[in-house]
Amino acid sequence: MFRTRFAPSPTGYMHIGNLRTALYAYLIAKQAGGAFILRIEDTDQSRNVPESVAAIYNGLKLAGIEYDEGPDKDGGYGPYVQSQRLGIYKKHSEELIKKGHAYYCFCQKEDKPALESTGERVQGFRDPCRDLNAEEIQAKFDAGILPVVRQRIPEGGESSFFDHVYGEIAIDNSQLDDQVLLKSDGFPTYNFANVVDDHLMGITHVIRGQEYLSSTPKYNLLYEAFGWERPEYIHLPHIIKEDGSKLSKRKGDPSYEDLVKMGYLPEAIVNYVALLGWNPGDEREFFLLPELTQAFDMNRINKSSAAFSFDKLRWLNGEHIRALSPETFHELALTYYPQGLEKIDLGKLSQLIQIRTENLAEIPNLVAFFVDLPSYESDLFLHQKSKSTLESSLLVLQQVQPLLASLDEWTNESLFALLKSFSQEQGLKVGTVMWPIRTALSGQETSPGGATELAALLGKDETLRRIRLGLEKLS
RNA sequence: GCCCCUAUUGUCUAGUGGUUAGGACGCAGCCCUUUCAAGGCUAAAACCCGGGUUCGAAUCCCGGUAGGGGCACCA
């Protein structure tokens with residue numbers, strides 16, 4: 001049985017990379033019929049942001065990523081919050097000390113910078129406390145010094161492991177530090193907690209960012225020290241910006257929830273992010289979560305980092321919007337419609353704009369002209385392809401005005417029939433008739449919908465009023 | 001500084017020794033058309049560099065270069 005986990009630390013918002021990590025972990029579990037677990041890694045007390053736990057829940061929910069076990073969903077492997085597992089870590093660290101794979105270190109934080117300020121970084125750091133004897137240790141304890149627990153990296157040799165994305169990775173043990181496992185405040189470091197928890201929670205596949213690739217040998221040494229079986233590893237390449245720099249909230253790059261606020265559909269974001277570093281092997285690009293679960297294959301994850309393209313997200317968002325049922329789109333659109341559309345059939349308006357909406361946030365702009373006719377210049381009536389000139393426009397509007405005024409059935413179809421036959425009678429291109437009307441009704445170079453669609457929505461009175469205004473502009 | 005990883009059009013990618021190097025976004029053009037969009041079609045656009053191996057390398061090996069990551073009582 002596959003068991004994967006998403007283990008964010010509650011230090012802020014849910015960024016794009018986190019979303020993808022969660023998604024891949026979810027997909028890998030679900031496609032194998034396994035379980036997806038949420039674990040909160042709040043071992044750094046100074047960096048905890050309590051509200052961000054809510055943001056994580058919310059983000060996952062929005063994305064449709066449902067976890068089988070988590071802080072609020074016990075599956076028998078809890079607790080799922082690391083700060084509630086302190087006793088477990090302590091016990092395990094003592095086991096390691098007993099076995100000789102870890103030791104107490106009484107050095108103070110201030111001691112190390114001095115070491116490092118020699119200019120070169122100390123690699124394969126071997127702490128002086130490594131070789132303290134029992135009396136020395138007791139003496140330090142008696143002096144009231146709070147120790148940390150450090151991992152004892154074996155001298156010499158190399159550690160290797162297999163990663164499903166990056167293949168075989170080998171690192172010399174001399175490169176590995178005697179890292180801190182348990183801090184002096186009794187909290188574990190990530191390095192320790194993730195190993196202990198992953199094992200205790202039965203995690204079979206560890207999915208996480210590439211930044212952990214070179215510390216994974218240390219974790220493997222820990223598994224070995226405990227006599228535990230290693231999990232499978234799937235390290236993910238980073239998501240970066242198109243200019244090659246990294247996404248950062250500080251530089252104004254949006255989080256997952258920001259993107260939703262910006263008018264992108266959660267399912268479009270999920271779809272897009274899935275494609276950043278993975279492809280199905282065929283030419284499909286449009287995926288909803290269930291299809292993604294079917295199609296996903298961890299062996300097709302890419303090694304190199306991928307740049308986040310707003311252009312492509314925007315396009316994909318449009319695809320998802322178009323794939324929505326008219327009812328669903330209408331409901332969404334409703335929350336974006338501005339004031340002043342009371343007289344307009346919003347259901348019809350939604351039908352008109354669904355295919356033209358690539359981003360929900362642009363809806364207010366798209367429909368603004370229905371509320372207020374923008375001021376425009378008369379040369380807006382010029383249109384070469386429609387053979388529309390100032391003269392023809394004036395003529396058309398003059399002639400069409402009484403026809404419209406006497407039209408009883410005010411629908412797109414009847415309006416179109418009327419104007420089409422008018423153009424035929426006059427020997428004009430349909431466009432020559434439609435262009436000035438559409439222009440007068442929208443006051444814009446382009447509009448969602450043509451002349452008759454706009455007229456039908458605006459209603460007879462408003463249509464005639466806007467045509468009168470157009471005539472004033474032309475004469 | 002030491003170690004690890006990566007490298008196909010502007011971007012996301014397909015490609016596992018023999019392909020006119022395929023698709024998508026974006027860009028440009030055409031068609032459709034009641035403007036725009038959507039849709040359809042077409043175009044321009046790529047194998048980081050240098051050595052090998054091979055009859056033959058985007059593909060395998062080595063070396064550069066460039067980019068990313070790690071070396072915290074952060075995760």
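Heavy-atom basis, side chains included; hydrogens, waters and symmetry copies ignored.
In this structure, B:A21 forms no base pair with any nucleotide, since neither Watson-Crick nor G-U wobble geometry is met with both distances under 3.5 Å. B:A7: Watson-Crick or G-U partner is B:U65, with both key distances under 3.5 Å. Across every strand in view, B:U53 sits unpaired, with no contact that passes the Watson-Crick or G-U test at under 3.5 angstrom. Of all nucleotides present, none satisfies the Watson-Crick or G-U wobble test against B:C73 with each distance under 3.5 Å.
Listed nucleotides: B:A75, B:G22, B:A14. Nearest to the side chain of A:Glu283: B:G22. Closest to the side chain of A:Ser304, out of B:U35, B:G70, B:U6, is B:U6. Distances were taken from every side-chain heavy atom of A:Asn302 (C-beta onward) to each of B:U6, B:U11, B:A14; the shortest belongs to B:A14. Listed nucleotides B:U6, B:G39, B:A75 differ in distance to A:Tyr166; the shortest reach to its side chain belongs to B:U6. Taking every side-chain heavy atom of A:Phe416 into account, B:U34 is the closest of B:C73, B:A75, B:U34. When each of B:C36, B:U11, B:C4 is scored by its nearest atom to the side-chain atoms of A:Glu242, the top-ranked nucleotide is B:U11. Residue A:Trp435 places its side chain closer to B:U35 than to any other of B:A72, B:U35, B:U34. You'll find that the side chain of A:Val430 is closest to B:U34, out of B:C12, B:G69, B:U34. Here B:C73 is the nucleotide among B:C3, B:A7, B:C73 with the atom lying nearest to any side-chain atom of A:Val148. The side chain of A:Ile355 lies closest to B:A37 when the candidates are B:U34, B:U13, B:A37.
Taking the six-membered ring for Trp and thresholds of 30 and 60 degrees, A:His205 and A:His164 have ring planes inclined between 30 and 60 degrees apart. Using a 30° and 60° split on the angle between ring planes, A:Phe308 and A:Phe310 fall in the perpendicular class, above 60°.
The gap from the C1' atom of B:C36 to that of B:U19 amounts to 40 Å, rounded to the nearest Å. If you take atom C1' in B:C4 and the same atom in B:G40, they sit 49 Å apart, rounded to whole Å. A distance of about 13 Å separates the C1' atoms of B:A45 and B:A21, rounded to the whole Å. If you take atom P in B:U20 and the same atom in B:C25, they sit 25 Å apart, rounded to whole Å. With both ends at atom P, the span from B:C71 to B:G15 equals 33 Å, rounded to whole Å. For the C1' atom pair drawn from B:U53 and B:A57, the interatomic distance equals 10 Å after rounding to whole Å. Going from the C1' atom of B:C27 to that of B:A44 covers 9 Å, rounded to whole Å. Across the P atoms, B:A37 and B:G50 are found 43 Å apart, a figure rounded to whole Å.
Considering only side-chain N and O atoms, A:Thr43 lies under 4.0 angstrom from the phosphate OP1 or OP2 of B:A75. Within the 4.0 Å cut-off from OP1 or OP2 of B:U13, not a single side-chain nitrogen or oxygen of A:Asn279 is found. Note on A:Arg300: every side-chain N or O is 4.0 Å or more away from OP1 and OP2 of B:U13. When the side-chain nitrogen and oxygen atoms of A:Lys183 are compared with OP1 and OP2 of B:C74, one or more of them lie within a distance under 4.0 Å.
Checked against a 6.0 Å centroid threshold, the rings of A:Phe162 and A:Tyr233 do not count as neighbours. Centroid-to-centroid, the aromatic rings of A:Tyr24 and A:Phe296 come within less than 6.0 Å.
Between A:Lys303 and A:Leu276, the one whose closest nucleotide on RNA chain B sits nearer the 5' end is A:Lys303. Place A:Arg356 and A:Tyr272 on RNA chain B by their nearest nucleotides, and A:Tyr272 ends up nearer the 5' end.
Side-chain contact check for A:Pro217 versus A:Leu176: some heavy-atom pair is nearer than 4.5 Å.
Side-chain polar atoms of A:Gln354 and A:His330 form no donor-acceptor pair below 3.5 angstrom.
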Nucleotide N/O to protein N/O under 3.5 Å, stretch nucleotides 61-66 of chain B:
none

Under 3.5 Å, which N/O atoms of the protein pair with N/O atoms of nucleotides 25-29 of chain B?
residue : atom : partner  : partner atom : Å
B:C25   : O2'  : A:Asp311 : O            : 3.4
B:C25   : O2'  : A:Lys312 : N            : 3.3

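The two residues A:Lys303 and A:Tyr166 have their closest heavy-atom pair at O-OH, 2.8 Å.
The side-chain tip of A:Lys473 points at the ring of A:Tyr376 from less than 6.0 angstrom away and within 45° of straight on. A cation-pi arrangement is found for A:Arg208 relative to A:Tyr212, the charged atom lying closer than 6.0 Å to the ring centre and inside a 45° cone about the ring normal.
Taking the charged nitrogens against the carboxylate oxygens, A:Glu155 and A:Arg130 do have a contact shorter than 4.0 Å, which makes a salt bridge. Checked for salt-bridge contact, A:Asp178 and A:Arg152 miss the test: no charged N lies under 4.0 Å from a carboxylate O.
With hydrogens and angles ignored, no donor-acceptor pair under 3.5 angstrom links the side chain of A:Lys429 to the base of B:U33. Scanning atom types as modelled, one donor and one acceptor separated by under 3.5 angstrom connect the side chain of A:Ser184 and the base of B:C73.
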